[in-house]
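Heads up, the thing below is written out as structure tokens.
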Number of protein chains: 2
Amino acid sequence: MDAAAKPRTTRIQVQKRELILDAALDVFSTNGFRGSTIDQIADAAGMSKPNLLYYFKSKEDIHTTLIERLLETWLAPLHEIDDIGDPMTELRAYIRRKLEMARDYPRESRLFANEILQGAPRIMPLLEDQLKSLVDEKAHIIKGWMRDGKIAQTDPRHLIFAIWATTQHYADFDVQVRAVLGPDRGGDGRFDDAARFLEQLFLEGLRP
Amino acid sequence: MDAAAKPRTTRIQVQKRELILDAALDVFSTNGFRGSTIDQIADAAGMSKPNLLYYFKSKEDIHTTLIERLLETWLAPLHEIDDIGDPMTELRAYIRRKLEMARDYPRESRLFANEILQGAPRIMPLLEDQLKSLVDEKAHIIKGWMRDGKIAQTDPRHLIFAIWATTQHYADFDVQVRAVLGPDRGGDGRFDDAARFLEQLFLEGLRP
DNA sequence: CTAACGTTTGTCCAATCGGTCAAAAATTGC
DNA sequence: GCAATTTTTGACCGATTGGACAAACGTTAG
């Protein structure tokens, strides 16, 4: 009577899939897609390769799942921007949230960077639809702030790019940042220094 | 009498090596090191794989040569900063030069980004010695400007990071930038818009 | 012409890759 | 307990990879 396949989902299946995705995030974010092997991921997840392929049908399947899940949380801070609050406060909060994400989820940032760097072969449609319309919407809000004289007149889209670039830099180029700062300021304090600097740069730079 | 191997360098050797390096820059910058194959590079250079290996002894040899050569030209704009000119003019010129490099040498930028993203396994020593001391030197100059009240007081190293991040973003994340801007402003004009925005952001943001 | 040298390629190899398969082991429902 | 089902793995396969090698080709100097 039920022609459709039953949606079997054991508790153990959910756990193992989660375990694999976490291991894969480690491997993919440091080696890129083509630079990563199923064996590496299986090793990191503490299981054999055929066992891993029992939960995901291919290497690309893991990667796709990871990227799709990532995009939601990655754009959450941008979603939170709205035009009811004070513009400067909103922008400061956005910059802070983005920097916190670079600090707390560097693997996700690098996975995303790897994908974009190589021409976004697997998420190009998402960028053109989902991301573009989201940026369009928020750019419209920011443009409104500029018209009201709340912040300086500039290109809102390039402002968003600049916030992305400066915050994600601390995740994607982490080794370079630490190498340049040296052992003294390359420790845990670098994110506090970055937060202070970025707030000053953007808030002073956007003062109407 | 001459115990050392003779420094054979035919004119054709120089040409072919240059041809290979250019092809390799194409391939490496879009696929990363592990994602690129010698066959791809040989194809792009219009020769057979054994022929390519006659000029470079391994895949890593090509990559190393490319990276070392890149680092010189890549840091040239930073080298040019000195403390004899007007601080604001110097900074504006530096930002403009870096943005021009992102526009004219996106392959080099992506090659560098790929290397750093994956933990800089092949150039870590260069970052800790060459790059660090260069940044230290320029940070000292900038600090001097701040003490003289020529520009606002901030962390000079994070200022340099911000300039790197925002300018290189237009090379490394090019597909995302174009996807978000759409066909209208995603064309050739995007670098002019970026230049206008970045000048305003940094110059206003750093006004003493 | 020919010997010497630089250049090019077809062929081959061992290692690694993504993925399959059948059979063993563990778990679950009764 | 036992049978059905889910989970795990060793062994294997074809394709691709980086690289070696010797033979062929081209060029030049005498």
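Excluded from the calculations below are hydrogen atoms, water molecules and symmetry mates; all remaining heavy atoms, backbone and side chain alike, are included. This structure is a prediction, so every number in the text was calculated from the model and none was measured. Just so we're on the same page: letters track the sequence lines, and every chain starts at 1.
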For the pair made of [atom1] in [X] and [atom2] in [N], what is the distance, rounded to whole Å?
X: Ile41(B); N: dT17(D); atom1: CD1; atom2: P; answer: 12 Å
X: Tyr54(A); N: dT5(D); atom1: OH; atom2: P; answer: 13 Å
X: Asn31(B); N: dT16(D); atom1: CG; atom2: C1'; answer: 15 Å
X: Tyr55(B); N: dG6(C); atom1: OH; atom2: P; answer: 11 Å
X: Arg17(A); N: dT8(D); atom1: CZ; atom2: P; answer: 14 Å
X: Phe56(A); N: dT8(D); atom1: CZ; atom2: C1'; answer: 17 Å
X: Gln13(B); N: dT7(C); atom1: CD; atom2: C1'; answer: 9 Å
X: Leu52(A); N: dT20(C); atom1: CG; atom2: P; answer: 13 Å

Produce the list of close N/O pairs, under 3.5 Å, pairing protein atoms with atoms of nucleotides 16-18 of chain C; give distances to one decimal.
| unit_1 | atom_1 | unit_2 | atom_2 | d |
| --- | --- | --- | --- | --- |
| dG18(C) | OP1 | Ser36(A) | O | 3.2 |
| dG18(C) | OP1 | Lys59(A) | NZ | 2.9 |
| dG18(C) | OP2 | Ile38(A) | N | 3.0 |
| dG18(C) | N7 | Lys49(A) | NZ | 3.1 |

- For the residue pair Phe191(B) and Tyr170(B), does the interplanar ring angle fall in the parallel (under 30°), tilted (30 to 60°) or perpendicular (over 60°) class?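 Answer is tilted, since the angle falls between 30° and 60°.
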
I want to check one thing: is the phosphate of [N], taken as OP1 and OP2, less than 4.0 Å away from some side-chain N or O of [X]?
X: Asn51(A); N: dT7(D); answer: no
X: Lys16(B); N: dG6(C); answer: no
X: Lys57(B); N: dA20(D); answer: no

Looking at [Y] and [X], is there a salt bridge between them, counting it only when a charged N and a carboxylate O are closer than 4.0 Å?
X: Arg110(A); Y: Asp172(A); answer: no
X: Arg178(A); Y: Asp174(A); answer: yes
X: Arg157(B); Y: Asp136(B); answer: yes

- Validation row: Leu127(A), Val180(B) side chains within 4.5 angstrom (heavy atoms):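 Heavy-atom side-chain distance check fails, nothing below 4.5 Å.
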
Side-chain polar contacts of residues 20-29 of chain A - donor-acceptor pairs under 3.5 angstrom, sequence neighbours left out - could you list them?
| unit_1 | atom_1 | unit_2 | atom_2 | d |
| --- | --- | --- | --- | --- |
| Asp22(A) | OD1 | Arg107(A) | NH2 | 3.0 |
| Asp26(A) | OD1 | Arg107(A) | NH1 | 2.8 |
| Ser29(A) | OG | Leu25(A) | O | 2.7 |
| Ser29(A) | OG | Asp26(A) | O | 3.1 |

- Message: Treating Lys138(B) as the side-chain partner and His79(B) as the backbone partner, does any N or O pair qualify as donor plus acceptor under 3.5 Å?
- Response: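 Between the backbone of His79(B) and the side chain of Lys138(B) there is a qualifying donor-acceptor contact (under 3.5 Å).
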
